[in-house]
Structures are given as structure tokens and as C-alpha cells.
Amino acid sequence: MRATLKALMPSRSLFQPHAGTDGLHTRQLPYYHLAMAVVLSAALLASLNFHHNIETFFYDARVYWVMAAMPTHVPVNDLIRGYFFPWFMRQVSLVFYGLGFSPLDSLKLYFSLVYALGLTVLLPLTYRRLKGQSSLKTPINLPRALLPTILMLIIFPGLVIYPLSDLPAVLLTWLAIYWVLCCRDLSDHRYLTACRVALAVLAGLALGLAYNTRTVFLFAVLLVLLTAWLQFRGRRHHVLYMVLGFALSCIPQVLMNRHHHGITSINPSAIFVGKSLFAQQLTWGLTVQRYETAVANKSQPLRPKLPGLVYADPQGQQLVDKLLAAVPHQAGGGNTVTLTVNTVADYLVIVLQHPLEFAALYTRHLVNGLNVRDGMMYITYDSSENAAIGWLSITTLLLSLLAMKASRRLTVAGHVSGTDRGNPWLQSNSLYALALITPSLIAIPGAMETRFMLPLLLYGWVAIAANWSGPAVWAELRQYRWLYASIVVTVYISVFFIIENTAANLQSPWLPI
């Protein structure tokens, strides 16, 4: 039992004082400070919820809330969302309803606590395990423990105050990887066999629920299972336990699809079998470089009437015109000319034929995704008003890259324990990190919504919280000051021109409301 707890808990160096390279003692975050960080984080998230006091949900958020209020066997033919997130919200509401809270208040309180635990405890601990537990001994103080929460409140408040699936799916993926690493790190003692099996099943279950919550996370699931297969030499049967956990999580969805759609499938979008939604997203991404959702405020009706604010891509349209010219049988008249990509394989063929055009296309999509100006998700204002927030989100990503690069100085300085050096597990942990940001990378080719960049940005924020070392960053900047200055200037100028190009191509003229 002691060995199990030791494997599951973070190393003491994460929370205890230690001597830095300069011989000085730097205080880490003690356990009671960690508890304080959770409480403060939950209080900030709850304050945001009750400050906005959202009582009417829109579009995706409304779908989830309606499904959460439905009895189990009500037909949901027109609702193509997974079962887990609505079911989970329903259970929470039922529990807190018995304590005297309204369903909405219970949702706000419970998710504030869940998100606080995820942002201040789960994510930093998982990140440290990816780095070999004690391999990076930079301090985590209280402000840095709260950093992911604070940035969520500033950049993505809508993902906190609306019942949307993005943040839950991300947290489930981090939780799954944490359990995978715990299972891997447990010793081979026979008394720990049951613990390893349980952790493997739980990891697979969390992966399955992440996929059920947002289907794009299937790519992350496959990468995690592949990485575990490569790492678990001599224990590869544990990967089968993960697959078992994944299968268990899919059983309710299979039953739902069979009952409502007559299709035996684990896919929450089974109603669209025969049509590749992913291929449709890729097609839209050729001519749309950004998409925002607008809603009416309390005093005036929505303008424009359609919720979608579409920013066209003239360069992408030129590429489509070139592709249509090469396929005469698709030509038509007037505005009826469209390009149809039926499968992902068809799309990949086009990418290989025009690599430079697609590289530019993906760059525009990435910048538009990182330029988070619609963090409320359902906006009632011109998103250009949030220019400062957009630049903040891009700057935090640059700072996270700097923090990760500077942290390598600590490794070179000997802050990796002798048992960590040359460890093949550590060398391949980058694949787990890649799995965490894969949903964002997969979303780049499609019609970009900024919430798709949450996995990438959140990983960067955690990297800052876990990695930032003032002396190491300063030493890095002094050594490569001209290189970093050139990179920053180039990035900011390029981003500025892409943003301006995007703003000039809003298809539906914005009328202030």
C-alpha cells in the first residue's frame, strides 16, 4: 500500500524547499498552499459564474443542458452529442437539488470545484510526471499555481460559464494520461498487480469518456494507446486493460445509437453515418479562416440574424477556384460552383498537390485560432474590441515556449536525478504531450473556432506554471537576445497582418447592437 501511494502521489520536491543551482533555498508550494490554491481557484471560477449569472444557454450549450434535463429514454434523434457530459450534469443537478440548490446553481458550484481541482492540481502534477516527477525542480508558488485558472477567466471565460464540452474533454485526457503514467511507474511487486490493472482500466475509461465528450479527441486516444504500447515492454497486456476501459465507456453510446438511430456504433455522431463530418470541416476550412457565434443581447434582436459570423479566406477561395478549374465536370454556373471533398484521403491528395498553399492556409488558421477575441463563445459585441485579449493569448503561448526552452538549462545544470538520465520512458513521454495538444492540431485545417485551441493554450499555461524559473529565463534571454528579439518581432508583425486580413473579410457586415 505504501508503494502504491508513493507512486500515485507527487514527489516531495514538488512541494518542499530545495537548494537551487546558486545554493539558495527556494520555497516550493507546500500541501496547505496547494489546498489554498484549489479554494481560491474555485472561488474565482464561482465568482465568474455568479457575476454573469447566465440563465439562458445557446446552441451547443443549450443542447447539452436540454439533454441533461431529459429522462434517459427520451428520443434524441436530432441531438448528436455523446451521452456522458449531459448524463454527468444531470447527476450533479440531482445531487445538489436534494441539498436545496437550483439546477443552475448546483451546476455552477460543482463545475467551479471540478475545474479548480483540474487546473491547480491535476494538470501540474501530470505535467511533472511527463517530465519525470522530480526532473524539474523549479518552484511552484501560489500565484503560479493559480495562473491557469486566471488565464482561463481572462481568455476563455465562456468555457467556464457555459456547459460546453471543451474543458471537460481536456481534463479527462489529462486524467487518463496521469493514470497511464501511474500504472507505468508502479513496481512489479505482485501485491500491486490489482492496482496496475485498476489504473489501466480507469485510464482507458477516461480516454473513452473524453472521446464521447468531444469526438476529435479520438486522435489523442489512439496516440496515448500507441505510446503506452511502446513503453509497456513486458507489460503490454495492460494496454489491453486500457482498451477494455475504453470499451466499457462506449457501451451506453452503442445502446443509445442502436435504440434511437438503428446503428451499432460508438460514434456520438452516428446519425451522420455515410457522411464524413470531418471531411466537411476540412472542406469548409478551405474558404473560411475564422468562425464566431453571435447572440442577441437583452435589449435588441440579433444582428446579423444568422449566428455564424464567417470570415472568408480570399487566398483559400483562389485555391478552390484553381482546383475547380482542374476538374471540369464539377464546373457550374454562377454561385453554384462548389468543391466537394468526400473523404479525408481525397483531401490529403489535394494537400500533397499544393503544399505551399496549404502551409499558408494552416498558418492563417493557427493565428486566427490563437487570437482569442471571442472568449465568451457567444458574443454580443464586435470581437475586434477584444484585441488586447487576443494578443495576450498569443503572448502567453510564446512565453510558454520560452519557459520550456529555458527549463532545459536546469536539466543541463544537473537537476535531473541520476535515475532519470537515459530513461527510455522519459525520452518517449513527448508523445503523451503531443497527445494532449493533438485535438488542437487536428482542428487547424477546418473552419477555425478559437475554442479549438484550448488544448494547445492550456498546455502552454501549465508549462509556464510548472517550468518558469526567473534565473533560467533571464540567462536564456541574455545568451540568445538577438535571436529571440528577431523571432518576437517577426511573429508579431506576421500576426498583425494576418489578423487585419481576417477582419477585412467578414462576410456578414457587423451591425453594432
Side-chain angles (χ1 to χ4, degrees), residues 151 155-156 159 166 170 214 216-217 219-220 223 278 281-292 309-320 344 347-348 350-352 354-375 377 383-384 386-402 404-405 433-464 486-506:
L151 290 176
I155 298 176
F156 279 121
L159 296 181
D166 302 82
V170 171
R214 280 193 67 80
V216 72
F217 280 74
F219 297 96
L223 187 52
F278 188 52
Q281 282 282 349
L282 295 176
T283 304
W284 296 331
L286 292 173
T287 56
V288 176
Q289 54 181 328
R290 185 183 177 94
Y291 177 89
E292 295 173 347
L309 296 177
V310 178
Y311 294 85
D313 190 337
Q315 293 82 7
Q317 185 61 55
Q318 292 175 8
L319 175 59
V320 170
V344 176
Y347 180 84
L348 293 177
I350 299 174
V351 173
L352 294 176
H354 304 274
L356 296 180
E357 290 91 337
F358 275 94
L361 180 79
Y362 295 163
T363 300
R364 293 192 294 272
H365 285 205
L366 177 61
V367 170
N368 279 289
L370 297 175
N371 178 34
V372 184
R373 301 186 179 195
D374 56 342
M377 301 298 109
S383 61
S384 63
N386 267 4
I389 304 300
W391 286 106
L392 174 63
S393 65
I394 293 172
T395 302
T396 56
L397 183 61
L398 294 176
L399 289 175
S400 69
L401 295 174
L402 175 61
M404 287 185 278
K405 177 64 169 63
L434 179 61
L436 290 170
I437 65 174
T438 291
S440 291
L441 302 180
I442 294 296
I444 289 175
M448 179 56 64
E449 294 183 55
T450 54
R451 62 193 178 98
F452 297 160
M453 290 294 107
L454 175 66
L456 177 60
L457 287 171
L458 193 55
Y459 185 89
W461 302 343
V462 177
I464 296 174
S486 301
I487 292 174
V488 169
V489 170
T490 302
V491 168
Y492 274 57
I493 291 176
S494 302
V495 167
F496 174 79
F497 281 109
I498 292 175
I499 290 174
E500 290 299 308
N501 174 270
T502 301
N505 288 283
L506 177 61

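Throughout, residue positions are numbered sequentially from 1 according to the sequence presented.
- Phe497 pairs by the ring-ring contact (aromatic ring centres under 6.0 Å, His included) definition with nothing, not counting sequence neighbours.
- Residues Thr395 and Tyr492 are in side-chain contact: their nearest non-hydrogen atoms beyond the backbone lie under 4.5 Å apart.
- Looking at His365, its side chain never comes within 3.5 Å of a backbone N or O of Ala447 through a donor-acceptor pair.
- Taking 4.5 Å as the limit, some side-chain heavy atom of Pro445 sits within range of a side-chain heavy atom of Tyr362.
- Tyr291 has its ring centre no less than 6.0 Å from the ring centre of Trp284.
- Put simply, the side chain of Val288 does not reach to within 4.5 Å of the side chain of Met448, judged on heavy atoms.
- Scanning both residues, Ile155 and Val372, for their nearest heavy atoms gives O-CG1, 3.5 Å.
- Closest of all the heavy-atom pairs between Met404 and Ala463 is CG-CB, 3.8 Å.
- Across Ala220 and Ala435, no two heavy atoms sit closer than the pair CB-O, 3.3 Å.
- The distance from atom CG of Leu436 to atom CZ of Phe217, rounded to the nearest 0.5 Å, is 9.0 Å.
- Side-chain contact check for Asn371 versus Val495: every heavy-atom pair is 4.5 Å or farther apart.
- The side-chain heavy atoms of Phe358 and Thr363, taken from C-beta on, include no pair separated by under 4.5 Å.
- Using a 4.5 Å heavy-atom threshold, the side chains of Leu286 and Asp313 count as separate.
- Atom CG of Leu366 sits about 7.0 Å away from atom CG of Leu456, to the nearest 0.5 Å.
- Side-chain atoms of Arg290 and Thr450, non-hydrogen and from C-beta on, do get closer than 4.5 Å to each other.
- Trp461 and Phe156 have tilted rings, their planes meeting at an angle from 30° to 60° on a 0 to 90° scale.
- Although no hydrogens or angles enter the test, the distance criterion places no donor-acceptor pair under 3.5 Å between the side chain of His354 and the main chain of Leu319.
- Residue Met453 forms a side chain to side chain contact (heavy atoms under 4.5 Å, CB included) with just one option from Asp166, Ile444, Leu458, Leu397, and that option is Ile444.
- Note: Gln289 CD to Ile498 CD1 = 8.5 Å, rounded to the nearest 0.5 Å.
- Taking 4.5 Å as the limit, some side-chain heavy atom of Leu159 sits within range of a side-chain heavy atom of Met377.
- Separation of atoms CG (Leu441) and CG (Leu434) is listed at 6.5 Å; rounding is to 0.5 Å.
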